[in-house]
A.B. asks: 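Quick one: the structure is below, and I'll ask about it shortly.
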Amino acid sequence: MLRLNSLTLERASKSSGSIQFQLNSETSDFSAIVMSRSIPNLLFTFLHWSGFVEGSDAKAKHRFSSRIFDILLFLTCADVTVSTVINSENAQKKLIAAYLSFPIVCALVWCEMRCKRKLITSLVKNVQMVNSSFYEKVINFAVLINYFMSLLVPTILISTVINPKFLTFFTYGYELKNSWILCVIGILKGLLYCMLYPCVTNIVAIFYISLCWNCSVDLNNLVKDIAKYTPEEFEQSKQLDILKKKAKICRHLQSIQTVFSVPMFLIIVANFLMCSCLIGGVLINIKFAEDDMIFIVYFANAILCLITSLWVAGSVPVEMSRFKETFHQTTHERLLYYHETEELHLKMDLITEPDFVLTGCNILPFRRSTILTVIGTLLTYTVLIVSTS
């Protein structure tokens, strides 16, 4: 009898365990579906394979890929640092010091994003994607171009190198007799270097841009909703509904600030140093390769990433200001013509509310005017540093 009872309990525990496992898998699948609706497909795929969201642990292939990414990233970071130090004899020390910061910054960005997986998962689940095919196509195209550039550019650059001494950078200064093997090593390491920078930093920046763009569009839609009402129609219930939607957007912006404050500051610093390094190299007549292709690619990527990130993040305070102005104008006309004084507290709360501006580590404000400041600082300090002995 006791044996029968124990067998019954064992079967019950197994069945309950299988049911619990099924429920957990269904929950993770549901979470994945919700997140896939929040962000464009190609970006969502990268977040899962890289382990930036919690749902990545649900499947073995995602767990494996995220660990491989970690290993490759930090091995590449160590390799590019050692190679740069070994081959620094014939280059300016100031430029080498700037170049050594890139792998370190990229590794820090990766660690920051992995440490904030729970916050990223919560953010992606709560933010609803803009119902626009244009938005999704632009983000997916940016991700695709980033992958394409990271794979194709190193292959083209290294395959077209005439002087084999340039490829000894990838072999720690040792010259191999077989030029074919040297070229293969250069291509493989070049792909890994591009994965480290600019692929990782670009993907994080694209993710940040997509979320900021989403919030800007939501704020713009609220402005359009207010414009639909006449002062007479804009009653207190409708004002409250609009303000509740705006408060929800502000919560999302606070989450974006919490997650991306440090990573985006590091990315902007890395791109700033890359631009400074390349401009400084041109000023002192350093050849980065047999032609100027490497200069054009890295400089264009760095300056575009820097400008686009600041421009899109800077659209948030612009749209917030437009929202306040439109809300104030409509409620002010309602007060003048219909004497609805009981609604004044809503208007005053909104006016006295401080302007929300995304920042990098509370040091660098992400406004559109910051672009000119950064470019001016870049040119000024690069010339000063290069000109000093």
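The residues of the chain are indexed from 1 along the displayed sequence.
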A.B. asks: Determine, step by step, whether F327 and L243 satisfy the side chain to side chain contact (heavy atoms under 4.5 Å, CB included) criterion, reporting the C-alpha distance in whole Å, the side-chain angles of both residues, the deciding distance to 0.1 Å, and the verdict.
C.D. replies: CA-CA 10 Å; F327 190 92; L243 290 175; 4.0 Å; yes
A.B. asks: How long is the gap from CD1 on I206 to CG on L43, to the nearest 0.5 Å?
C.D. replies: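 Separation between the atoms: 7.5 Å.
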A.B. asks: How about Q257 and L253: do any of their side-chain heavy atoms sit closer than 4.5 Å?
C.D. replies: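 They are not in contact (no side-chain heavy atoms under 4.5 Å apart), so the answer is no.
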A.B. asks: Do the non-hydrogen side-chain atoms of T377 and F272 ever get within less than 4.5 Å of each other?
C.D. replies: yes
A.B. asks: Does W213 form a ring pair (Phe, Tyr, Trp, His ring centres under 6.0 Å) with Y135? I'd like the steps, not just the answer.
C.D. replies: CA-CA 9 Å; W213 188 6; Y135 165 81; 5.0 Å; yes
A.B. asks: How would you list, by chain and number, every residue that makes a salt bridge (charged side-chain N to carboxylate O under 4.0 Å, His left out) with E112, sequence neighbours excluded?
C.D. replies: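 Once residues adjacent in sequence are excluded, the partners of E112 under the salt bridge (charged side-chain N to carboxylate O under 4.0 Å, His left out) criterion are K116.
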A.B. asks: Is there side-chain contact between F52 and R117, with heavy atoms separated by less than 4.5 Å?
C.D. replies: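 No, every pair of side-chain atoms sits at 4.5 Å or beyond.
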A.B. asks: Can you give me the closest heavy-atom contact between P365 and V357, atom names plus distance?
C.D. replies: CB-CG1, 4.2 Å
A.B. asks: Is a side-chain donor-acceptor pair under 3.5 Å present for N301 with N202?
C.D. replies: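 Indeed, the side chains of N202 and N301 share at least one donor-acceptor pair under 3.5 Å.
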A.B. asks: For the CG atom of L306 and the CG atom of L378, what is their distance to the nearest 0.5 Å?
C.D. replies: 8.0 Å
A.B. asks: Are W110 and L196 packed together at the side-chain level, in the sense that at least one heavy-atom pair is separated by less than 4.5 angstrom?
C.D. replies: no
A.B. asks: Taking all atoms of both residues into account, what is the closest heavy-atom pair of P231 and E333, and its distance?
C.D. replies: CG-OE1, 3.2 Å
A.B. asks: Say you draw a straight line from CG of L219 to CD1 of I249; how long is it, rounded to the nearest 0.5 Å?
C.D. replies: 4.5 Å
A.B. asks: Identify each donor-acceptor pair in which a side-chain atom of residues 258-267 lies under 3.5 Å from a protein atom, sequence neighbours left out, and give them as a table.
C.D. replies:
| from | atom 1 | to | atom 2 | distance (Å) |
| --- | --- | --- | --- | --- |
| T258 | OG1 | Q254 | O | 2.9 |
| S261 | OG | C361 | N | 2.8 |

A.B. asks: Looking at side-chain heavy atoms only, is the closest gap between E353 and K324 below 4.5 Å?
C.D. replies: yes
A.B. asks: So do the side chains of K244 and K248 get within less than 4.5 Å of each other, counting heavy atoms only?
C.D. replies: no
A.B. asks: Can you see which heavy atom on E319 is nearest to which on S216, and at what distance?
C.D. replies: CG-O, 3.7 Å
A.B. asks: Kindly indicate, with the supporting measurements, whether the criterion salt bridge (Lys or Arg N to Asp or Glu O under 4.0 Å) is fulfilled by D225 and K228.
C.D. replies: CA-CA 5 Å; D225 289 342; K228 291 178 183 177; 3.7 Å; yes
A.B. asks: I need the F148 CZ to F141 CZ distance, nearest 0.5 Å.
C.D. replies: 10.0 Å
A.B. asks: Under a 4.5 Å cut-off applied to non-hydrogen side-chain atoms, are L358 and C212 in contact?
C.D. replies: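 Contact flag for L358/C212 side chains = yes.
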A.B. asks: Could you tell me the separation between the CZ atom of F207 and the OG atom of S50, rounded to the nearest 0.5 Å?
C.D. replies: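 Result: 9.5 Å between the selected atoms.
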A.B. asks: Is T370 reaching over with its side chain to a backbone N or O of F366, donor-acceptor style, under 3.5 angstrom?
C.D. replies: no
A.B. asks: For the atom pair CG (L73) and CD1 (I71), what is the distance rounded to the nearest 0.5 Å?
C.D. replies: 11.0 Å
